Amino acid sequence: MKPRVLVTRHVYPAAIGILQEHFAVDYQDGHGVMDAATLARRLQHAQGVVCQLTDPLGAEVIGSAPALRVIATIAVGHDNIDVPAATARRIVVTNTPGVLTEATADLTWALLLATARRLPAAERFLRAGEWRRWDVDLLCGADVQGRTLGVVGFGRIGQAVARRALGFGMRVLYADPEPAPEALAQELRAQHVPLDLLLQQSDFVSLHVPLRESTRHLIGVAQLCRMKRTAFLINTSRGPVVDEPALVAALEEGLLAGAGLDVFEHEPRVHPGLLELPNVVLLPHVGSAVTSVRSLMCALAARDCVAVLRGERPQHPVNPEVLG
Ligand code: DGY
């Protein structure tokens, strides 16, 4: 009998083709999100699951899937999966880094520029028919050229964001537990500094850390207070990296100039305070939303699912210790 693989939500079709060559595929081809109880039920006889960042794969769900050998997520972030629980059961977890790096860095810059130059407000103004003439002070925003960019988390995406800053003649600071190799830091003209110093000196602070217990609310009241009153916070990583109520309060009090957010603490809910603020640009978690990129992510997850179930090494194991 063919191994059984659950695909929890709609994916690009290539992924289903890859999986159907080898497995009996239980495909939930819709945009609805399964809750933990439904996932547990559908996983009862599955050897593999191709999931998304919306799927709650906690210890209990994993515990109720006795035959499960691989969890392949269509995302680089895997905070929705209890990886230690999977590892304890020798279940391989895979993700899809690399293919989304440039798209996410592009979106980060689009968001940074849109926030600094107030693009959504300008477009709303025009569409509302309020544009009467050119005025010297109409919808003026903040400078980007020559300013200081602080990159928090200097992995693939953080580095790609820093590389783009070269074109804007920016000074780049980065904070990361691991300093980058000297040659790379030189190429990107990026200086390794402690987070507090980065927050004090940056005009734009852009977050690129994975969500872990150590990075939950990495940016809270104390960190927001350290930022310049003229600075902007950009987040395309994970919502809970920022203490959202603290950010709303800081923006309301004018402790910083604005924020560009693609991710939120309780997606798809957005803090009502954010919706009220004029100096905030809000996007619905679209960092990697480029058709070709998402298609590659789906195919990559499907291929890694196949690899594990065929006893081969997957391309992107999150817990390689399970592979021995
Ligand atoms: C990820 O991959 O983790 C993003 O949030 C979605 O592309």
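Both ligands and their constituent atoms are indexed starting at 1 by order of listing. Residue numbers start at 1 and run along the sequence shown. Computed from a prediction, not measured in an experiment: that's the story for all the values here.
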If you count every heavy atom of other residues, nucleotides or ligands that lies below 6.0 Å from [X] atom [atom1], does the total exceed 12?
| X | atom1 | result |
| --- | --- | --- |
| Q145 | CD | yes |
| R117 | CZ | no |
| E60 | CD | no |

* **Partner set under side-chain hydrogen bond (donor to acceptor under 3.5 Å, both in side chains) for D29, not counting sequence neighbours** => H10, Y27
* Heteroatom proximity flag, G77 to ligand 1, N/O under 3.5 Å ->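 There is such a contact, yes.
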* Asked: Do any N/O atoms on S237 end up under 3.5 angstrom from N/O atoms on ligand 1?
  -> no
* **Flag, side chain of T96 to backbone of A75, donor-acceptor distance under 3.5 Å** => yes
Enumerate the atoms of ligand 1 whose separation from the nearest heavy atom of [X] is less than 4.0 angstrom.
| X | value |
| --- | --- |
| L100 | 2 (O), 7 (O) |
| H285 | 4 (C), 5 (O), 6 (C) |
| L53 | 5 (O), 6 (C) |

Among all protein heavy atoms in this structure, tell me which lies nearest to [atom], with the distance rounded to 0.1 Å.
| atom | value |
| --- | --- |
| atom 2 (O) of ligand 1 | V76 N, 2.7 Å |
| atom 7 (O) of ligand 1 | S288 OG, 2.5 Å |
| atom 3 (O) of ligand 1 | R238 NH2, 2.7 Å |

* Is there a donor-acceptor contact under 3.5 Å linking the side chains of E182 and H192? -> no
* Asked: Does M297 reach ligand 1, in the sense of a heavy atom lying below 4.0 Å from it?
  ->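 Within the 4.0 Å threshold, so yes.
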* Would you please name every residue forming a ring-ring contact (aromatic ring centres under 6.0 Å, His included) with H22, sequence neighbours left out? =>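 H22: no ring-ring contact (aromatic ring centres under 6.0 Å, His included) contacts found.
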